[in-house]
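Structure first, then comments.
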Amino acid sequence: MKVLFVCSAGMSSTIAVNALKAEAEKNGMDIEVLAVGTQEFEEEVKNGWDVAMVAPQIRHRYSYLEAAAKEANVPCALIQPQAYSPLGGPKLLAQVKELIK
């Protein structure tokens, strides 16, 4: 599973990415997560990602990011704020799985 994580590249983003990776590995899932900023997203989303997740702190850019993902045929969702934490791995993974269905 390949997850493109769109964020502002702050420490909270690193924590959320690590929580998602840890939860996927705990569940025996092979996962690749790449965190990019909004500037890199439009090109990177075209590179074969299964899903794109948008960090809550950049929700004001969601419509633009969702349109770019849709153009690349990649499901996209805004991460729930309560899942954006060190303990949010289970919620993040559930949200990713739901998008991939």
Worksheet item: What do you reckon, is CD of Glu71 surrounded by more than 12 foreign heavy atoms closer than 6.0 Å?
Response: no
Fill in: Heavy-atom side-chain proximity of Ser85 to Ile15 below 4.5 angstrom
no
Worksheet item: Quick one: are Met53 and Leu4 in side-chain contact, heavy atoms under 4.5 Å?
Response: no
Contacts table for residues 92-101: side-chain donor-acceptor under 3.5 angstrom, sequence neighbours left out:
unit_1: Gln95; atom_1: NE2; unit_2: Leu78; atom_2: O; d: 2.8
unit_1: Glu98; atom_1: OE1; unit_2: Lys101; atom_2: NZ; d: 3.4

Item to complete: Report yes if some heavy atom in the side chain of Ser13 is under 4.5 Å from a heavy atom in the side chain of Gln57; otherwise report no.
Response: yes
Practice prompt. Please report the closest heavy-atom contact between Ile58 and Val6, naming both atoms and the distance.
Written response: CD1-O, 3.6 Å
Practice prompt. Please report the closest heavy-atom contact between Val17 and Val33, naming both atoms and the distance.
Written response: CG1-CG1, 3.7 Å
Worksheet item: Side chains of Leu20 and Ile31: does their closest heavy-atom pair fall under 4.5 Å?
Response: yes
Practice prompt. Could you tell me whether the side chain of Trp49 and the main chain of Glu44 form a donor-acceptor pair under 3.5 Å?
Written response: yes
Worksheet item: Distance-only, no hydrogens or angles: does the Glu40 side chain make a donor-acceptor pair with backbone N or O of Gly37 under 3.5 Å?
Response: yes
Item to complete: Search all heavy atoms of Tyr62 against all heavy atoms of Ala77 and return the closest pair with its distance.
Response: OH-CA, 3.5 Å
Practice prompt. Kindly indicate whether a cation-pi arrangement holds for Arg61 with Tyr64, taking the cut-offs as under 6.0 Å to the six-membered ring centre and within 45° of the axis.
Written response: yes
Discussion item. Donor-acceptor check, side chain of Asp50 to backbone of Lys2, threshold 3.5 angstrom: yes or no?
Written reply: yes
Item to complete: Check the surroundings of atom NZ in Lys46: do more than 12 heavy atoms from other residues, nucleotides or ligands lie under 6.0 Å from it?
Response: yes
Worksheet item: So do the side chains of Phe5 and Ile79 get within less than 4.5 Å of each other, counting heavy atoms only?
Response: yes
Item to complete: Answer yes or no: does atom CD of Gln82 have more than 12 heavy-atom neighbours from other residues, nucleotides or ligands under 6.0 Å?
Response: yes
Discussion item. For the NZ atom of Lys91 and the CD atom of Gln80, what is their distance to the nearest 0.5 Å?
Written reply: 7.0 Å
Worksheet item: Out of curiosity, Tyr84 OH to Cys7 SG, how far, rounded to the nearest 0.5 Å?
Response: 5.5 Å
Worksheet entry | Closest non-hydrogen atom pair, Pro81 against Pro56 | CA-CG, 4.0 Å
